[in-house]
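Below: the structure, in structure tokens.
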Amino acid sequence: MASLVVGLLKRRWLAFLALTVAALLLAGVPLLRERLTASDSVDWRLDLWRASWTLAWPPSLLGRGLGTAHLYVNQLLPKVDAPPHNDYLKDLIETGSLGLVAYGVSLYALLRHAWLAYRAAQDRIISWRALACWPSCWPAW
């Protein structure tokens, strides 16, 4: 993923190529098209996020404990044995508002450090490597 983002930032024609390949895959592979348009997948995720939000709100200071989000979600949705599929909600459930703030501060520090390394690099080829860490620190949605 990092290589793709750096490539897109560095060479604009790669963005066109990536969009073309994505369109061809969606047109040529029915399984991908079905997966993206399936309403049960969307409904399942919305139910999962609602249950997670119920557990996370109102936020406690310390949360419910590391690694326990899927257990609490399973109590609200017995047929679902999955984490909330949203790192921010999972972090809020497990570590509370204090943990969410710490998570946000660490993401900000990593992004700021990558940006400063990019700006300070003498060689432009090396500077793009600093930006490559940006996608790796973005949370999974």
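What's counted below: heavy atoms across the whole structure, side chains too, no hydrogens, waters or symmetry copies.
Between atom NE2 of residue His70 and atom CG of residue Leu77 there is a gap of 14.0 Å, rounded to the nearest 0.5 Å. Distance check: Ile93 CD1 to Thr54 OG1 gives 9.0 Å after rounding to the nearest 0.5 Å. The distance from atom CG of Leu107 to atom CZ of Arg112, rounded to the nearest 0.5 Å, is 15.0 Å. To the nearest 0.5 Å, atoms CH2 (Trp53) and CG (Leu89) are separated by 6.5 Å. Within the model, atoms OG of Ser97 and CG of Leu92 stand 7.0 Å from one another, a figure rounded to the nearest 0.5 Å. In this structure, the separation between CG on Leu76 and CG on Leu71 is 12.0 Å, given to the nearest 0.5 Å.
If you chain together hydrophobic residues whose side chains sit under 4.5 Å apart, Leu19 and Leu24 never meet in one group. Hydrophobic clustering (side-chain heavy atoms under 4.5 Å, transitive across Ile, Leu, Val, Met, Phe, Trp, Tyr) keeps Leu98 apart from Tyr108. Note: the hydrophobic cluster containing Val29 also contains Leu17 (ILVMFWY, side chain heavy atoms under 4.5 Å, direct or indirect links). Clustering ILVMFWY residues whenever any of their side-chain heavy atoms sit less than 4.5 angstrom apart, transitively, puts Val101 in a cluster other than the one holding Tyr103.
For Val73 against Leu55, the heavy-atom pair with the smallest separation is N-CD1, 3.6 Å.
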